[in-house]
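Report on one structure; see the data block that follows.
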Amino acid sequence: MSLTDQIFITMCKDILENGTSSEGQLVRPKWADGTMAHTIKKFGVVNRYDLAKEFPILTLRRTNFEKAIDEVLWIWQKKSNNIHDLGSRIWDNWADEDGSIGKAYGYQLGIKHQYPEGMFDQVDRVLYDLKHNPYSRRIITNIYVHGDLSEMNLYPCAYSMTFNVTGNKLNGILNQRSNDVLAANNWNVVQYAVLMHMLAQVSDLEVGELLHVIADAHIYDRHVKHVEDLMNREPFEAPIFRMNPDIKNFYDFKVEDFELIDYKRGKQIKGIEIAI
Ligand SMILES: Nc1nc(=O)c2c([nH]1)NC[C@@H]1CN(c3ccc(C(=O)N[C@@H](CCC(=O)O)C(=O)O)cc3)CN21
Ligand SMILES: O=c1ccn([C@H]2C[C@H](O)[C@@H](COP(=O)(O)O)O2)c(=O)[nH]1
């Protein structure tokens, strides 16, 4: 079985057996029918993926690799906050009539800031540092900007990356304040694993580890039965990840430049509801 499936099953078991339920508390998210969307959660989940060993995609069910990559490119490469630039409908519920999700995600990564070397946005600053000061301990992005929260339709969940080069390996820490384990845990891991592969390739580095630090890792009440189904499945070996080796400019990557060879996985679960 893949290490990623093991990590996922261990995390879900821990949440279901040792987690805390929000029943009886006032919670923000709702189901589409207006019912409060309660969760069972664990505080402080840390998962470690060695990207040099395995591409961390779940085999228990399919993670939509193409749509996940499309979203991470929307945020990190297009630096867009408009759903019209996104190839899926996953953000429709949080967009306004013009398609904007407010000053979140891509908007924040695209804002230019003054540094001693000149003006950079957060992504270009990372690219610059990985080339010019790879051993810096200051290579961090952060999109949880308090001054702009009032203009975000949903506060950023995966809000910060810390990059750290050790030898010739690029490691990263993804900080996430809140994670919907069924819908987006592996989705977010796949996205940031791909981002690490992209950044390593254009910076002449090898991929190392991705640490996923989650403050509130939760399973929604209407997802428990699906998670139990997944935990009882037989996982497969991880697929092989391939990326177009000719691309040396971060902004040239397209969804088609990434592929999975031999992605075996369990059957998809139909009709997963998303709390709004
Ligand atoms: N409650 C909640 N959970 C989330 O994961 C989430 C939000 N809200 N709000 C904003 C974004 C939108 N994200 C989403 C939304 C939907 C899917 C989703 O429908 N996933 C399907 C697969 C999609 C497909 O194959 O097309 C799934 O089966 O998990 C994934 C991420 C992540 N975020
Ligand atoms: O990339 C993402 C975006 C969103 N989520 C989930 C985590 C929560 O279930 C909701 C957001 O609700 P809050 O009340 O603002 O925490 O969206 C995710 O897992 N990954």
Side-chain angles (χ1 to χ4, degrees), residues 8 11-12 15 19 22 25-33 35-43 45 47 57-76 81-83 86-96 99-102 104-106 108-109 141 143-144 146 149-150 152-161 174-195 212-227 229-230 255 260 263 265-276:
F8 185 83
M11 167 178 62
C12 290
I15 295 172
S22 69
Q25 300 170 1
L26 199 62
V27 291
R28 184 200 60 78
K30 294 206 168 43
W31 296 111
D33 63 15
T35 316
M36 264 200 252
H38 280 289
T39 62
I40 173 157
K41 69 116 166 226
K42 278 276 316 206
F43 165 72
V45 169
N47 293 324
I57 195 161
L58 214 60
T59 77
L60 296 167
R61 75 173 178 117
R62 172 173 183 243
T63 297
N64 197 321
F65 182 67
E66 291 79 15
K67 283 185 185 167
I69 296 176
D70 178 65
E71 191 201 19
V72 82
L73 297 181
W74 179 59
I75 297 170
W76 281 77
N81 60 349
N82 195 293
I83 57 165
L86 186 66
S88 66
R89 313 295 303 270
I90 58 168
W91 276 100
D92 287 12
N93 281 321
W94 295 272
D96 65 20
S100 169
I101 61 162
Y105 293 101
Q108 292 297 340
L109 289 183
T141 62
I143 58 177
Y144 206 84
H146 287 260
L149 288 178
S150 63
M152 299 188 199
N153 297 339
L154 191 71
Y155 292 6
C157 291
Y159 66 89
S160 171
M161 272 302 280
L174 170 62
N175 263 295
Q176 184 150 356
R177 64 170 182 81
S178 175
N179 189 207
D180 176 342
V181 166
L182 179 67
N185 176 270
N186 190 245
W187 174 276
N188 290 135
V189 169
V190 164
Q191 292 180 314
Y192 282 82
V194 169
L195 179 71
H212 191 194
V213 179
I214 310 165
D216 190 307
H218 47 265
I219 298 174
Y220 282 101
D221 49 9
R222 294 190 186 176
H223 292 174
V224 172
K225 59 181 185 298
H226 300 311
V227 170
D229 161 11
L230 288 180
V255 176
L260 292 175
Y263 182 22
R265 70 270 174 151
K267 70 171 192 321
Q268 190 51 291
I269 299 171
K270 294 264 180 318
I272 293 178
E273 292 180 73
I274 301 293
I276 303 165

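Heavy atoms only: backbone and side chains are in, while hydrogens, waters and symmetry mates are out. For ligands, and for the atoms within them, numbers begin at 1 and follow the listed sequence.
Looking at Ile219, Ile274, Leu230 one by one, the single match for side-chain contact (heavy atoms from CB on, under 4.5 Å) with Leu182 turns out to be Leu230.
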Does the side-chain hydrogen bond (donor to acceptor under 3.5 Å, both in side chains) test come out yes or no for Glu71 and Trp187, once each step is laid out? CA-CA 10 Å; Glu71 191 201 19; Trp187 174 276; 2.9 Å; yes
Going through the distances and angles, do Arg222 and Asp33 end up as a salt bridge (Lys or Arg N to Asp or Glu O under 4.0 Å)? CA-CA 12 Å; Arg222 294 190 186 176; Asp33 63 15; 3.1 Å; yes
List the steps, then state whether ring pair (Phe, Tyr, Trp, His ring centres under 6.0 Å) holds for His223 with Trp31. CA-CA 12 Å; His223 292 174; Trp31 296 111; 5.7 Å; yes
Assess whether salt bridge (Lys or Arg N to Asp or Glu O under 4.0 Å) is satisfied between Asp92 and Arg89, documenting all intermediate values. CA-CA 5 Å; Asp92 287 12; Arg89 313 295 303 270; 2.6 Å; yes
Write none if no such pair exists; otherwise list each N/O atom of ligand 2 with its protein N/O partner under 3.5 Å and the distance.
residue	atom	partner	partner atom	Å
ligand 2	1 (O)	Asn188	ND2	3.0
ligand 2	9 (O)	His218	NE2	2.7
ligand 2	9 (O)	Tyr220	OH	2.6
ligand 2	12 (O)	Arg28	NH2	2.9
ligand 2	14 (O)	Arg28	NE	3.1
ligand 2	14 (O)	Arg28	NH2	3.0
ligand 2	15 (O)	Arg177	NH1	3.4
ligand 2	15 (O)	Arg177	NH2	2.8
ligand 2	16 (O)	Arg177	NH1	2.8
ligand 2	16 (O)	Ser178	OG	2.7
ligand 2	19 (O)	Asn179	ND2	2.9
ligand 2	19 (O)	Asp180	N	2.9
ligand 2	20 (N)	Gln176	NE2	3.4
ligand 2	20 (N)	Asn188	OD1	2.9

What does the N/O contact table under 3.5 Å look like for ligand 1?
residue	atom	partner	partner atom	Å
ligand 1	1 (N)	Asp180	OD2	3.3
ligand 1	1 (N)	Ala275	O	2.9
ligand 1	3 (N)	Asp180	OD2	2.7
ligand 1	25 (O)	Asn64	ND2	3.0
ligand 1	26 (O)	Lys67	NZ	2.8
ligand 1	28 (O)	Arg61	NH1	2.7
ligand 1	29 (O)	Arg61	NH1	3.4
ligand 1	29 (O)	Arg61	NH2	3.0

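Proximity of a side-chain donor or acceptor of His38 to a complementary backbone N or O of Ser22 within less than 3.5 Å is detected.
A donor and an acceptor atom, one from each side chain of Arg62 and Gln268, are nowhere located under 3.5 Å apart. A donor and an acceptor atom, one from each side chain of Thr63 and Asn186, are located under 3.5 Å apart.
Under the 30°/60° scheme for interplanar angles, the aromatic rings of Trp91 and Trp94 are found to stand perpendicular.
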